[in-house]
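Here the structure is a predicted model, which means the values were calculated and not measured. So that the names make sense, note that chain A is the first sequence line, chain B the second, and so on, each numbered from 1.
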Amino acid sequence: MTTNNHPEAEPAPALPAGDFIRDIVAADQASGKHGGRVVTRFPPEPNGYLHIGHAKSICLNFGIAGENPGGVCHLRFDDTNPAREDVEYVDSIQEDVRWLGFDWGANKFYASDYFERLYQYAVELIQLGKAFVCDLSAEEMATFRGTPTVPGKPSPWRDRSVAENLDLFTRMRAGEFADGAKTLRAKIDMASPNIHLRDPAIYRIRRAEHHQTGTAWLIYPMYDYAHCLSDSIEGITHSICTLEFEVHRPLYDWILDALKTPCHPQQIEFARLNLSYTVMSKRKLLQLVQEGLVTSWDDPRMPTIAGLRRRGITPEAIRNFCARIGVTKYNGLTDVALLEFAIREDLNRNALRVMAVLHPLKVVLTNYPAEQTEEMPAVNNPEDPAAGSRLVPFGRELYIEQDDFMEVPAKKFFRLAPGAEVRLRYAYIIKCEAVIKDATGRITELHCTIDPDSKSGGATAGRKIKGTIHWVSAAHAVPAEVRLYDRLFTVPEPDHAGEGRDFKEFLNPQSLATLTHCQLEPSLRDARPEARYQFERLGYFRADPKDSAPGKPVFNRTLTLRDSWVKEQGK
RNA sequence: UGCCGAAUGGUGUAAUGGUAGCACGAUUGCCUCUGGAGCAGUCUGUCAUGGUUCGAAUCCAUGUUCGGCAGCCA
């Protein structure tokens, strides 16, 4: 298991027991059904970026392969629809799977690798009298198909001779017919209660350049036809997919039974991941990108792997999350709080603590010498003694967080207020003596005094002070831009928010706040994107890998810390 | 009204005829130089009604509710 950004990270905790799919695999192993082999596959269509829902599938498929001796998991691009696919997606998918910590070794395939073989299988199907060339238009075919409650009617072309079908199919491939003019259809049962068995189209004519095969093909196989055969060709033992393909399984099995194929994999369906406060369909995510509602597929607000990565979430957190949510056939809605827990759990263990002030309020320590500077030792990570400590410069003028001062303190407010005392983290206890305002009444700075005996680590530092706040020395501070991200949508289910309502109506206008006047402790000047930080009392942050420049970091907030003060205020 | 599938606390799951457990969440307290973390406690559940059984979340029947399926998308 790779740990790209966290060589110091502990191995992932023991994963939960099994699930119904692992039970099936174990039973098959016990009975010797597949001769002891376990071969799974992760089969994305390269028509978009991977998202956290795909991560669930990746962890499942690669996970099962990894848990079984000799098990392998293939990465297979399901690229049968060139109109919507692109190499950009082929590349991003590989990067994302690898980043998540999984390795397909030499087993990278494309359904398009099998186009010739798939074509020969189709010829075979025709020869068997189990497929025919149909001249019906798309609209006509829809009419003939019937509805779930009304049986379909056979196509008038259903009984063409094998010879004629062979001839026509050959000419489809040769480009003699216009796009959409003809299809090859499986001959099954137009009256089947399962619509997918009503003579489904298995090849269509499409003059589209394919990102892998170029212009070699004018006809392309449909998913149902290509997928089961690709599985069989690769010797897949367990073909794991999501619930909506459950009704396709009889067709999957029909095709493999009709043909002489290397093996007959078992299709097993599980519930896809739904996460609250987000959307999880490539179509909708693409829409957000195309309409400029987010900046890109890797916008840190996106639930894409690339977005989560850029935001600062680690592969460990995603894997642990996937392990926690389990695998079932129940189509529910997972609370995003579960994801957030996994992120905090990981970052709490691994992130380096630093001090940064997001909304600066200047503090002048009136009894501290103007020319004096001290270096305060600060712990890098209380969860990890090996992370050591560092020195943080301290001086007469500081910045503190605006939120850490209240002119009229609320009940249970433990921070600074006129006449009140607070502990400066790793430094002195200070007392607020005066509030300085400008002509408009806005607070511009605070005048405070230190208790010189209260320095951290000092002999008389033990005075009990309820509140501790973070700070940055004004003379040493590094100014920086910090981006605060929040959930992308304001409602738990933007997908099901009401009749005729569009999910984009529920976009959270506050999902991004860009702060341009933040002040960081100097150790952050050259922060590298690989590092994960906790800005003490605020949250987890990482330098944006695209927008940071040397000496001029831009930070993304990954997630806030849990904040019981916010809850207290809500009472 | 057709076919397929699923129902366990607020959420995600476990228990495979034998004490309904875990995690998240919420909440109370302890602790704390992060209102973080940690520690301790509390909270809430087997869709319904029958049946089989010494015993049912689990098996059976009926019903209810929810999800999926009518692309030449995957």
Side-chain angles (χ1 to χ4, degrees), chain A residues 16-20 23 43-45 47 78-81 83-85 134 136-138 141-142 145-152 179-185 192-198 200-206 219-220 222-224 226-227 241-250 269 271 276 282-283 324-342 344-345 348-349 353 355 379 382-383 412-415 423-427 429 454 456-457 461-462 464-470 492 534-539 560-568:
Chain A
D19 50 64
F20 78 100
D23 289 348
E45 184 189 13
N47 67 343
D78 218 332
D79 56 348
T80 55
N81 185 4
R84 306 211 287 206
E85 300 159 5
C134 181
L136 253 28
S137 70
M141 204 186 288
R145 185 161 31 236
T147 69
T149 51
V150 179
D179 283 12
K182 287 179 169 38
T183 55
L184 183 70
R185 291 226 255 166
S192 171
N194 182 338
I195 289 174
H196 299 281
L197 259 20
R198 316 239 266 228
I202 58 177
Y203 267 92
R204 74 286 217 193
I205 306 172
R206 281 278 176 283
I219 57 172
Y220 291 96
M222 301 283 291
Y223 166 84
D224 284 309
H227 201 90
C241 62
T242 45
L243 249 28
E244 67 269 27
F245 292 103
E246 212 153 17
V247 284
H248 294 237
R249 188 172 358 112
E269 310 85 11
S276 61
K282 282 195 271 187
R283 203 199 99 241
R324 258 171 233 276
I325 57 176
V327 179
T328 65
K329 291 177 83 91
Y330 176 69
N331 221 321
L333 177 68
T334 297
D335 193 333
V336 72
L338 228 43
L339 207 214
E340 294 176 344
F341 172 80
R344 290 193 178 105
E345 176 186 53
N348 174 54
R349 258 200 311 260
R353 270 60 171 181
M355 292 197 284
V379 173
E383 306 292 322
K412 294 193 178 178
F413 183 76
F414 305 142
R415 285 109 93 156
R423 157 76 67 184
L424 291 179
R425 180 93 160 135
Y426 297 125
I429 294 169
S454 64
S456 296
K464 286 290 175 225
I465 290 291
K466 188 76 178 167
T468 298
I469 64 173
H470 60 277
Q534 184 197 105
F535 290 2
E536 293 216 29
R537 305 207 305 130
L538 297 175
T560 61
L561 250 29
R562 287 182 67 224
D563 189 345
S564 52
W565 169 238
V566 168
K567 279 175 203 162
E568 184 64 37

- Pick base, sugar-phosphate or nothing for A:N47, based on heavy-atom distances below 4.0 Å to the nucleic acid. nothing

- Message: Within the 4.0 Å heavy-atom criterion, would you say A:L333 contacts the bases, only the backbone, or no part of the nucleic acid?
- Response: sugar-phosphate

- Message: Categorize A:A337 for me: base, sugar-phosphate, or nothing, with a 4.0 angstrom heavy-atom threshold over every strand shown.
- Response: sugar-phosphate

- Message: Any base atoms under 4.0 Å from A:E45, or only sugar-phosphate, or nothing? Heavy atoms, all strands.
- Response: sugar-phosphate

- Message: So for A:R415 and B:G35, does any side-chain atom that can act as donor or acceptor lie under 3.5 Å from a complementary atom in the base?
- Response: yes

- Query: Is there a donor-acceptor contact under 3.5 Å from the side chain of A:T183 to the main chain of A:R185?
  - Reply: no

- Message: Considering every strand and a 4.0 Å limit on heavy-atom distances, what is the contact class for A:R84: base, sugar-phosphate, or nothing?
- Response: base

- Think A:R353 has a side-chain N or O under 4.0 angstrom from the OP1 or OP2 of B:A37? no

- Query: Side chain of A:E269, base of B:G68: donor and acceptor closer than 3.5 Å?
  - Reply: no

- Writing each nucleotide of RNA chain B 5' to 3' as (, ), [, ], | or . by Watson-Crick or G-U pairing under 3.5 Å yields .((((((..((((....[..))))((((((.......))))))...(((((..]....))))))))))).....

- Just compare B:G5, B:A74, B:A70 and give me whichever is closest to any side-chain atom of A:P148. B:A70

- Within the structure shown, what part of the strands sits under 4.0 Å from A:H196 by heavy-atom distance: base, sugar-phosphate, or nothing? sugar-phosphate

- Message: So, OP1 or OP2 of B:A37: does either fall under 4.0 Å of a side-chain N or O from A:R562?
- Response: yes

- Query: Taking only N and O in the side chain of A:T80, is any of them less than 4.0 Å away from OP1 or OP2 of B:A74?
  - Reply: yes

- Determine, for A:K329 against A:E246, whether the closest basic-nitrogen to carboxylate-oxygen distance falls under 4.0 angstrom. yes

- Message: Mind checking if A:K567 touches a base, just sugar-phosphate, or nothing, with heavy atoms under 4.0 Å?
- Response: sugar-phosphate

- Task: Please work out whether the ring planes of A:Y223 and A:H248 are parallel, tilted or perpendicular, with thresholds of 30° and 60°.
- Result: perpendicular

- Task: Quick one: label A:F341 by what it contacts on the DNA or RNA (base, sugar-phosphate, nothing), any heavy atom closer than 4.0 Å.
- Result: sugar-phosphate

- Message: Check the phosphate of B:C22 against A:R324, side-chain N and O only, distance under 4.0 Å to OP1 or OP2. Yes or no?
- Response: no

- Task: Looking at every strand, decide which applies to A:F245 at a 4.0 Å heavy-atom threshold: base, sugar-phosphate, or nothing.
- Result: base

- Message: Need the glycosidic conformation of B:G51: syn if within 90° of 0, anti if not. Which one?
- Response: anti

- Task: Identify whether any heavy atom of A:E246 sits under 4.0 Å from a base atom; if not, whether one sits that close to sugar-phosphate; answer base, sugar-phosphate or nothing.
- Result: sugar-phosphate

- Message: For a quick test of reading the model: is some side-chain N or O of A:R204 closer than 4.0 Å to OP1 or OP2 of B:A74?
- Response: yes

- Item | A:I469 CD1 to A:L424 CG distance, which is reported to the nearest 0.5 Å | 5.5 Å

- Which part of the nucleic acid, if any, lies within reach of A:I325 when heavy atoms closer than 4.0 Å are counted: base, sugar-phosphate only, or nothing? sugar-phosphate

- Short side-chain N/O contact from A:R198 to OP1 or OP2 of B:C69, under 4.0 Å: no

- Distance test, side-chain N/O of A:S564 to OP1/OP2 of B:G36, below 4.0 Å: yes

